[in-house]
Peer 1: 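Can you read through this structure? Questions will come right after.
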Number of protein chains: 2
Amino acid sequence: MYSVLMSGTDTAGKLIEATQELLWERGYVGTSPRAIQQRAGAGQGSMYHHFGGKPDLARAAVRKSAEEMRATADADLSCEGSARQRVRAYLSRERSVLRGCRIGGLAQDPDVVADPALRAPLQETFDWLRSRLAEVLEEGKNGGEFGSAFDPAGTAATVVAVVQGGYVLARSAGDPGPFHEAVDGLLRLLDAHAAEPGSPA
Amino acid sequence: MYSVLMSGTDTAGKLIEATQELLWERGYVGTSPRAIQQRAGAGQGSMYHHFGGKPDLARAAVRKSAEEMRATADADLSCEGSARQRVRAYLSRERSVLRGCRIGGLAQDPDVVADPALRAPLQETFDWLRSRLAEVLEEGKNGGEFGSAFDPAGTAATVVAVVQGGYVLARSAGDPGPFHEAVDGLLRLLDAHAAEPGSPA
DNA sequence: GTCTATATATAGATAGAC
DNA sequence: GTCTATCTATATATAGAC
């Protein structure tokens with residue numbers, strides 16, 4: 001198995017990176033081996049030497065994208081500040097909204113959800129993200145940032161869904177606006193759950 | 001132009017309905033004219049007699065699906081009850097969660113967002129839905145259901161995003177669970193915005 | 001209106017030379 | 001490891017008979 005830790009300077013690495021890009025832009029069904037080879041600057045022979053075919057290459061590319069996405073999210077959620085500030089940092093990070101989510105976008109593809117090896121990185125990424133957000137929100141609740149009725153796990157699922165759904169609304173509108181409206185609406189709802197001023201910090 | 005009001009008993013209607021189903025199941029890129037003809041029980045000649053080709057047929061099918069989706073949502077949001085009850089009715093309606101949204105799912109398809117005539121029904125549907133939800137929430141706020149800091153328009157965008165994102169999480173997990181967790185988390189956040197008991201009904 | 005024949009391009013992969 | 005040739009199936013459509 002090709003190590004995901006290598007950078008894309010060798011042929012196999014370039015093929016993986018080209019596949020990552022194309023899966024993001026065109027989805028799995030819309031990505032052809034030919035397009036991958038052209039973008040990677042590699043020939044047919046190279047691709048089928050290093051990988052068993054399109055599904056095999058796609059599995060490597062999706063795993064790598066999932067790892068990168070987790071690292072990015074973890075950086076936001078592990079920064080300095082209160083739980084509320086860290087969730088806000090995650091939600092307000094600059095994104096190329098109209099491109100959508102590299103991982104979430106693949107969930108629409110029937111051939112991806114039908115192949116356990118292709119779907120697994122999606123499931124693992126969102127499971128991890130929800131649980132990491134729940135952890136942060138739980139810390140905030142324990143620290144007195146939220147009231148006693150506040151539900152960290154449920155709220156974590158809502159936060160992730162707003163981001164993924166925001167992408168859908170933005171792409172449908174051809175405009176990043178709806179993404180930001182959905183996120184801002186969520187942040188206001190979260191503020192309403194804030195504990196009374198003067199609660200334990 | 002083929003009237004969207006006719007039922008699918010004639011050939012053109014059957015072609016449109018077959019296309020609606022396939023777009024939902026396989027997306028635009030993943031749907032071939034051949035598959036449409038087979039599902040509709042129509043031949044090549046029929047399809048190209050009634051429609052100019054795949055894009056033309058897809059435009060008719062997407063417009064029809066969008067109309068149907070708006071009618072369904074409007075039924076929930078126009079029912080009896082408080083604003084909170086109507087939004088809850090919309091969010092808690094029974095859905096085939098793992099199939100995803102017929103309209104939102106198409107936003108992932110690059111050929112859909114690139115074609116203004118194909119993307120327009122998506123944009124119009126979500127614009128309408130957000131504005132209809134904002135209307136309901138505004139009525140609720142005016143009726144004293146929510147506090148003065150409550151933002152109907154922002155919350156409406158959040159509600160729509162949670163549903164669309166919930167589909168993404170569920171399909172990624174191969175399990176409807178995450179959809180319902182995201183929706184439940186949202187409903188709890190909304191409850192936190194409730195006005196004090198005793199406010200004007 | 002519907003059918004069959006035909007046409008070009010691409011998808012996705014294998015074989016074997018170098 | 002990489003290249004070129006080759007292969008079968010499908011995508012997407014046009015032409016013209018009936």
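All heavy atoms count here, side chains included; hydrogens, waters and symmetry mates do not. Every chain is numbered from 1 and lettered A, B, ... according to where its sequence line falls, protein lines coming before strand lines.
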Peer 1: Give me the first and last nucleotide of DNA chain C, going 5' to 3', that has any atom under 4.0 Å from a heavy atom of chain A.
Peer 2: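 Contact span on the strand: C:dA11 to C:dT14.
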
Peer 1: Between A:R59 and A:L118 (side chain of the first, backbone of the second, donor and acceptor by atom type, cut-off under 3.5 Å), is there such a pair?
Peer 2: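 Checked: no pair found.
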
Peer 1: Run the side-chain contact (heavy atoms from CB on, under 4.5 Å) test against A:Q38 and tell me which residues pass, sequence neighbours left out.
Peer 2: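 Per chain and number, A:Q38 pairs via side-chain contact (heavy atoms from CB on, under 4.5 Å) with A:R34.
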
Peer 1: When the aromatic ring centroids of B:F146 and B:H193 are compared, is their separation below 6.0 Å?
Peer 2: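 Judged by ring-centre distance (under 6.0 Å), B:F146 and B:H193 do not meet the cut-off.
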
Peer 1: Rounded to whole angstroms, how far apart are CZ on A:R34 and P on D:dT4?
Peer 2: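 Whole-Å distance recorded here is 13 Å.
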
Peer 1: Using the test side-chain hydrogen bond (donor to acceptor under 3.5 Å, both in side chains), find all partners of B:D151 that sit at least two apart in sequence or belong to another chain.
Peer 2: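 In terms of side-chain hydrogen bond (donor to acceptor under 3.5 Å, both in side chains), with neighbours along the sequence ignored, B:D151 is linked to no residue.
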
Peer 1: Quick one: pull up CD in A:E21 and CZ in A:R102 and give me the separation to the nearest 0.5 Å.
Peer 2: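 Answer for the CD-CZ pair, A:E21 versus A:R102, is 10.5 Å.
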
